[in-house]
4 protein chains.
Amino acid sequence: MSRTVGSFGPKTLETIRKAGLRLIFEHGYEAMSLRQLAAEVGIRPSSLYNYMHTKQDLLFSLIEMHMQELLDQVDAALTGVVEPAERLAAFVAFHVRYHMVRKSEVSVVNFELRSLDVEHYATVVEMRKRYESRLSDIIEDGIKQGAFAPLDVSVATFAILAMLTGVCSWYRPDGRLSEAEIIDAHIGMALRSLGASIIAR
Amino acid sequence: MSRTVGSFGPKTLETIRKAGLRLIFEHGYEAMSLRQLAAEVGIRPSSLYNYMHTKQDLLFSLIEMHMQELLDQVDAALTGVVEPAERLAAFVAFHVRYHMVRKSEVSVVNFELRSLDVEHYATVVEMRKRYESRLSDIIEDGIKQGAFAPLDVSVATFAILAMLTGVCSWYRPDGRLSEAEIIDAHIGMALRSLGASIIAR
Amino acid sequence: MSRTVGSFGPKTLETIRKAGLRLIFEHGYEAMSLRQLAAEVGIRPSSLYNYMHTKQDLLFSLIEMHMQELLDQVDAALTGVVEPAERLAAFVAFHVRYHMVRKSEVSVVNFELRSLDVEHYATVVEMRKRYESRLSDIIEDGIKQGAFAPLDVSVATFAILAMLTGVCSWYRPDGRLSEAEIIDAHIGMALRSLGASIIAR
Amino acid sequence: MSRTVGSFGPKTLETIRKAGLRLIFEHGYEAMSLRQLAAEVGIRPSSLYNYMHTKQDLLFSLIEMHMQELLDQVDAALTGVVEPAERLAAFVAFHVRYHMVRKSEVSVVNFELRSLDVEHYATVVEMRKRYESRLSDIIEDGIKQGAFAPLDVSVATFAILAMLTGVCSWYRPDGRLSEAEIIDAHIGMALRSLGASIIAR
DNA sequence: TATGAATGAGGCTTCATTCAT
DNA sequence: AATGAATGAAGCCTCATTCAT
């Protein structure tokens with residue numbers, strides 16, 4: 001409810017995106033009204049249209065922006081890591097940390113896809129597939145190289161992604177465990193689930 | 001003025017629930033309109049109120065009914081199974097199968113909680129905690145008995161639940177793998193992730 | 001809210017009328033719903049139609065019945081009283097007492113006329129005129145006989161009626177003054193307002 | 001899509017208030033629909049909400065505004081008048097004239113109080129009490145000074161107010177009597193009812 | 001006599017959006 | 001860049017009423 005009064009010109013777009021993300025995260029896209037959003041930003045509803053085309057476009061741009069960031073960052077996180085088990089650990093560490101730190105963004109991306117219209121939906125699903133392939137490639141390589149047990153790559157990919165992503169539905173910064181402990185626990189479970197011997201880190 | 005042919009009294013409630021569940025699954029609770037629902041059922045919007053109090057009550061009753069069924073069935077599935085690894089396998093088998101077969105129900109339960117008002121929300125969260133405790137009890141016992149590696153029960157519970165539940169976001173009855181194959185794959189991953197030796201089944 | 005459970009057959013009509021009167025008094029005719037009424041009576045809305053034709057008819061029958069009673073009783077109260085001042089006092093005493101004791105009925109009659117459709121409205125207005133003529137006749141006679149000051153009969157009639165009727169908007173049985181005290185006060189004011197010398201009673 | 005000709009911004013609020021007052025006067029608050037009101041104003045129902053928060057708020061603001069005007073004007077009318085009988089005459093003259101000229105406003109204030117929600121109701125009742133005290137103060141002073149007969153102040157206040165207010169339920173500008181005649185008649189009756197000797201004016 | 005089920009009409013209100021200023 | 005005013009569409013829900021059982 002904290003109205004950001006006095007945000008002029010160039011900063012306003014950023015304010016709208018931040019408030020929009022939070023409101024969608026809290027109430028859902030359908031349940032968030034542009035009245036609410038405008039009130040949070042400290043402008044009138046009609047003024048929003050100086051910064052966006054439609055409500056739907058706002059949602060899409062938020063989702064796309066964060067999918068792109070996810071893709072960029074995962075590649076950075078994997079750069080220079082070669083061994084399958086190491087790469088898996090790196091992926092897990094990155095994914096879990098990202099899902100703890102960027103909880104809202106990630107939740108919006110995951111929950112509000114169905115509110116996208118067909119074309120926007122297709123675009124995002126394609127990006128998601130690209131992201132998933134980062135993990136499935138690691139698993140496939142690991143199996144080929146004998147580092148992981150011979151299991152169905154597809155199922156394993158979905159299962160591990162779901163396991164890791166789950167963290168954003170319960171993690172709280174002031175919780176009992178530290179970020180590092182949570183990440184390590186997930187690395188352990190992911191590696192073991194693939195039949196890998198735990199690596200020293 | 002006369003009764004519309006094709007929808008008789010006693011069956012109508014069931015029709016409403018089925019259609020409501022499907023529409024909420026497809027569009028989300030906020031996005032589903034009672035006009036839509038009534039049209040699907042073949043009655044007028046105002047007639048819905050002969051079967052429900054409010055839209056919110058419809059959502060709650062759907063969610064509660066399916067949470068109760070989940071609780072009843074998990075207990076039945078675990079009855080008579082004693083060894084931790086066996087119990088875990090039984091839980092995984094039940095949970096995954098339920099989430100493949102009852103995909104819509106389960107998705108609605110998981111995604112639409114935020115649309116419940118405070119009291120209804122509290123009721124359902126309590127039921128969900130009861131369900132989660134079935135798994136965490138198994139993991140806790142397994143660790144105590146040395147069947148599983150010594151890991152954080154809470155994290156492990158959430159991680160495995162998320163992994164298993166994920167199946168309902170991609171499973172399709174006409175997919176490449178059979179139900180049994182998918183279930184076995186998840187049993188394997190879950191057991192390994194806990195550091196259990198794979199059991200013979 | 002006290003549901004009168006178990007009112008069978010012949011008594012039900014009376015129960016409906018009583019509850020209807022009270023509800024219209026409390027909420028107004030437009031604001032009272034037949035759902036409410038049925039609930040108070042302990043039957044289903046559709047069952048009301050075994051006892052009345054429409055909601056409008058219920059209102060009319062209540063109003064008409066009580067107008068008729070008012071007419072009957074005022075004539076009884078004036079029977080045998082001859083002197084204008086005495087007749088005025090008798091009228092005032094009757095009118096004020098009736099408006100204290102039958103507060104709800106009288107308020108409904110006075111406030112809900114506008115909710116009657118044209119024909120019903122005309123009927124009731126005619127009855128009301130008949131009632132008013134009881135007072136205006138007394139005033140007219142009193143002026144002719146020199147018992148009252150020479151003033152406009154019409155204005156005096158309306159003014160005194162309004163004054164007396166006002167009692168039902170503030171009287172409470174547990175109030176500071178007794179019925180008799182209130183009645184006497186009004187007799188005094190009415191007589192004086194017409195320039196009559198106060199009579200001994 | 002373009003602006004409907006014939007109703008410009010700044011005047012619309014006033015138009016809404018006037019039409020709203022008239023419709024509530026004619027049909028009652030509950031019976032007046034916002035569709036009706038919008039149609040009278042020449043805008044669409046949803047446009048009403050650019051000028052009011054809710055239907056209830058419209059009612060309250062109309063009532064409050066007119067109660068405030070009544071309070072302001074009565075004080076002006078009594079300014080500089082000192083003798084109790086003179087003050088009473090001034091009060092009667094003001095009240096009757098106001099109730100003849102502002103018939104609709106006054107009727108809405110008197111009849112629609114019950115449609116106000118609790119808080120709004122309390123506010124208005126308090127204002128009404130303040131208004132009534134103008135009259136009761138006059139009566140009380142008159143009795144103390146021996147200008148009026150010793151009677152119950154409360155009853156006399158209610159009785160005279162009711163008598164005077166009654167005028168708005170029958171007065172018609174094209175009636176037999178002039179405003180002045182009606183006012184004089186009421187002054188006479190009010191003074192006499194309190195046992196005052198008629199003053200020369 | 002009672003009622004479950006159905007309904008057309010309509011209740012108030014919110015919505016995203018447009019456009020002239 | 002901002003907004004007041006307007007709007008069509010639609011939201012959930014209540015209403016009085018009907019009628020077959």
Side-chain angles (χ1 to χ4, degrees), chain A residues 7-10 12-13 30-38 41-58, chain B residues 1-5 7-13 30-38 41-56 58, chain C residues 7-10 12-13 30-38 42-58, chain D residues 1-5 7-10 12-13 30-38 41-56 58:
Chain A
S7 58
F8 295 122
T12 307
L13 178 58
E30 294 283 352
M32 175 198 74
S33 80
L34 295 186
R35 275 161 159 68
Q36 264 182 294
L37 177 56
V41 174
I43 60 178
R44 306 286 162 165
S46 52
S47 302
L48 288 172
Y49 288 85
N50 291 315
Y51 300 93
M52 58 185 232
H53 197 50
T54 63
K55 190 188 177 192
Q56 168 75 206
D57 276 350
L58 174 63
Chain B
M1 293 290 172
S2 70
R3 189 167 300 188
T4 297
V5 181
S7 83
F8 289 131
K11 292 182 189 167
T12 309
L13 178 58
E30 295 281 353
M32 175 198 73
S33 83
L34 295 185
R35 275 168 168 50
Q36 261 183 295
L37 176 56
V41 174
I43 60 178
R44 306 288 158 170
S46 55
S47 300
L48 288 172
Y49 289 86
N50 290 318
Y51 300 93
M52 58 183 231
H53 203 50
T54 62
K55 189 189 179 191
Q56 167 77 204
L58 173 63
Chain C
S7 58
F8 294 124
T12 308
L13 177 58
E30 294 282 352
M32 176 199 73
S33 80
L34 295 186
R35 275 161 159 72
Q36 264 183 294
L37 177 55
I43 59 178
R44 305 287 161 166
S46 52
S47 302
L48 288 172
Y49 289 85
N50 291 316
Y51 300 94
M52 57 183 232
H53 198 50
T54 62
K55 190 189 178 191
Q56 168 76 206
D57 276 350
L58 173 65
Chain D
M1 292 293 170
S2 71
R3 189 167 301 187
T4 296
V5 181
S7 84
F8 288 132
T12 309
L13 178 58
E30 294 281 354
M32 176 197 73
S33 84
L34 295 185
R35 274 167 166 54
Q36 261 184 295
L37 176 55
V41 174
I43 59 177
R44 306 288 159 170
S46 56
S47 301
L48 289 172
Y49 288 85
N50 290 318
Y51 300 94
M52 58 184 230
H53 202 51
T54 61
K55 188 188 179 192
Q56 167 76 204
L58 174 63

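Throughout, protein chains are lettered first and strands after them, A, B, ... in sequence-line order, and every chain is numbered starting at 1.
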Which pair of non-hydrogen atoms, one from [X] and one from [Y], has the smallest distance, and what is that distance?
{"X": "Glu30(D)", "Y": "Glu30(C)", "value": "CB-CB, 3.5 Å"}
{"X": "Tyr49(A)", "Y": "Thr54(A)", "value": "CE2-CA, 4.4 Å"}
{"X": "Lys55(C)", "Y": "Met32(C)", "value": "NZ-O, 2.8 Å"}

Can you tell me how far [atom2] of [N] sits from [atom1] of [X], to the nearest Å?
{"X": "Glu30(C)", "N": "dA16(F)", "atom1": "CD", "atom2": "P", "value": "9 Å"}
{"X": "Leu13(C)", "N": "dT1(E)", "atom1": "CG", "atom2": "P", "value": "10 Å"}
{"X": "Ile43(D)", "N": "dT13(E)", "atom1": "CD1", "atom2": "C1'", "value": "14 Å"}
{"X": "Met52(B)", "N": "dC13(F)", "atom1": "CE", "atom2": "P", "value": "6 Å"}

Is there a side-chain contact between Leu37(D) and Leu58(D), using heavy atoms and a 4.5 Å cut-off?
-> yes
[N], OP1 or OP2 - any side-chain N/O from [X] closer than 4.0 Å?
{"X": "Ser33(A)", "N": "dC15(E)", "answer": "yes"}
{"X": "Ser47(A)", "N": "dT3(F)", "answer": "yes"}
{"X": "Tyr51(A)", "N": "dA2(F)", "answer": "yes"}
{"X": "Arg44(D)", "N": "dG8(F)", "answer": "yes"}

Return the nearest nucleotide to the side chain of Ser46(C); candidates are dG4(E), dT17(E), dG8(F).
-> dG4(E)
Taking dG10(E), dG4(F), dA2(F) as options, the one with an atom nearest any side-chain atom of Arg35(D) is dG10(E)
Pairing partner of dA6(E) (Watson-Crick or G-U wobble, both distances under 3.5 Å) = dT17(F)
Just do the side-chain contact (heavy atoms from CB on, under 4.5 Å) check on Met52(A) and Asp57(A) with the steps written out, would you?
-> CA-CA 7 Å; Met52(A) 58 185 232; Asp57(A) 276 350; 5.5 Å; no
For Met32(A), report the nucleic acid contact type (base, sugar-phosphate, nothing); a contact means any heavy atom under 4.0 Å.
-> sugar-phosphate
Walking DNA chain E from its 5' end, the first of Tyr49(C) and Gln56(D) to be reached, judged by nearest nucleotide, is Tyr49(C)
Comparing nearest nucleotides in DNA chain F, the 5'-proximal residue of the pair Lys55(B), Asn50(D) is Asn50(D)
